[in-house]
Amino acid sequence: MAQIFALLDCNNFYVSCERLFSPRLEGRPVVVLSNNDGCIIARSNEAKELGIKMGAPFFQCRELMEAHQVQVFSSNYPLYGDLSQRVMGILSQLEPEVDIYSIDEAFFRQAKGKPQALLDNGRHIRATVRKQVGIPVSIGFGSTKTLAKIANRIAKKQPEHGGIFVLPEENLEAILATIEVGEVWGIGPRHSQKLFTYGIRTALDLKNANDTWLRKHLTITGLRTAMELRGVSCLPFEEVPAPRRKSVTSSRSFGQPVTDLSGLREALSAYVSIAAEKLRAEHKKAGCLQVYLTTNRFRDGEPQYANSLTVNLPNPTASTLALIHHASEALRQLYRPGFSYRKVGVILVDLVASSHEQQHLFRAKHEEQGELMAALDKINRRWGRDTLQSGSAGFKRPWKNKQTRKSPSYTTSWHELPVVR
DNA sequence: TCTGGGGTCCTAGGACCC
DNA sequence: TCTGGGGTCCTAGGACCC
């Protein structure tokens with residue numbers, strides 16, 4: 001039986017989360033900043049209208065934002081993550097087949113029906129989420145994931161549709177002709193630029209482009225995108241989030257440049273601790289780790305250096321202390337004096353489930369520090385991440401960035417529950 | 001002064017093997 | 001005189017996503 005894809009997407013999700021607990025923000029321009037208060041990663045419609053661009057550096061739009069009294073928030077992931085779960089929970093109650101794609105998006109799939117029936121269903125879902133969670137969403141229907149994305153975009157951008165749009169089959173081409181090729185899911189700025197120079201400017205042009213040409217210039221992924229525009233479904237629907245992640249990363253840009261090895265090691269130790277904690281939460285061990293460091297590429301006048309090193313671990317491990325040990329050694333090899341460093345990071349790869357790991361004949365169980373790590377995680381879960389940590393992560397942490405505009409974790413921390421007077 | 005962080009997939013090219 | 005070719009694995013780099 002023919003099926004249809006739908007995409008539910010939360011409108012300006014992070015901003016909507018902030019508004020939920022501060023109704024005074026309704027109707028006013030609001031933005032949310034990236035992890036380090038560096039870039040703008042979410043904007044309300046009012047902020048978009050002021051011309052504030054996605055990903056723009058905060059300091060560059062500061063004046064404009066002050067002039068228009070834009071409300072600015074540091075990102076509050078515990079809050080967004082919790083509200084995301086609530087939205088996805090409701091969708092999963094209403095729809096049997098759900099494919100959660102990101103923190104604010106989920107595909108669902110249903111039997112192809114009359115457009116009016118799809119529209120009614122979409123309206124019902126939208127109203128239910130709005131009522132039970134309070135987050136506004138848009139829903140688009142199309143015969144492939146890529147077309148559902150386009151439908152969603154139209155639902156969001158053209159208010160007359162009331163947040164729901166079903167891509168019609170009859171004049172699909174006329175609609176695709178109005179979509180710039182760079183707005184198609186999977187076509188980024190680089191490909192977009194290249195396509196333009198070859199005269200492919202709209203989604204319709206891409207749909208009609210030559211397969212051999214696409215394969216050559218955009219690789220197999222670009223060809224798949226074109227096929228999807230033709231209504232041939234190439235992107236799988238993944239109901240179970242089964243193909244679990246293959247790597248765990250932790251990194252941050254520094255609040256101020258770091259020049260010495262010991263400062264870098266402190267920061268790296270802190271990031272390794274975070275990554276190891278994530279690893280243990282998923283009951284995994286890493287067989288390999290990669291350390292990288294880089295100077296500030298935006299500073300033209302300064303000498304630049306970036307490098308990375310991959311280390312195969314003697315045994316897969318999830319021990320913070322063992323991982324810090326190997327990461328520090330890699331860092332020592334990578335480090336060159338005389339540079340102002342901006343960032344270090346660690347990537348854990350070759351992940352194996354703890355239960356599937358090969359037992360090592362000559363390795364004592366206590367070397368894994370399983371009980372120590374379990375205690376560490378328990379304490380830090382209860383009292384906060386920094387309660388118990390490796391001494392190598394330092395105490396003063398001059399490299400640490402501050403998030404000065406963070407709203408409370410209203411829904412996930414007892415200490416920060418909103419108070420009703 | 002101040003420019004995110006965490007992921008995935010694909011390809012080309014080198015190393016290595018027989 | 002004359003020096004293969006195909007398969008596999010690994011890695012770096014590029015592009016994309018939210």
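Numbered from 1 within each chain, the chains take letters A, B, ... in sequence-line order. All values reported here derive from a predicted model rather than from experimental measurement.
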Problem - Ring centre gap for A:Trp185 and A:Phe5 strictly below 6.0 Å - result: no
Practice task
Examine A:Tyr80 together with A:Tyr14 and report whether their ring centres are nearer than 6.0 Å.
Solution key: yes
Which of these nucleotides, [options], is closest to any side-chain atom of [X]?
X: A:Ile220; options: B:dC9, B:dT11, B:dG6; answer: B:dT11
X: A:Cys39; options: B:dG5, C:dC17, B:dG4; answer: B:dG4
X: A:Phe59; options: C:dA15, B:dG4, B:dT3; answer: B:dT3
X: A:Arg252; options: B:dG6, B:dC10, B:dT3; answer: B:dG6
X: A:Ser253; options: B:dC9, B:dG4, B:dT1; answer: B:dG4
X: A:Ser102; options: C:dC18, C:dA15, B:dC2; answer: C:dC18
X: A:Tyr101; options: C:dA15, C:dC18, B:dC9; answer: C:dC18

Handout entry: P spacing across the pair C:dC18 / B:dT3, given as an integer number of angstrom
Key = 24 Å
Practice task
Would you classify A:Phe58 as touching base, sugar-phosphate or nothing, given that sugar-phosphate means primed atoms plus P, OP1 and OP2, and contacts are heavy atoms under 4.0 Å?
Solution key: nothing
Exercise for the section: Would you indicate what A:Ser250 reaches in the nucleic acid, counting non-hydrogen atoms under 4.0 angstrom: base, sugar-phosphate, or nothing? Expected result: sugar-phosphate
Exercise for the section: Check whether any side-chain N or O of A:Lys149 sits under 4.0 Å from OP1 or OP2 of C:dC18, and answer yes or no. Expected result: yes
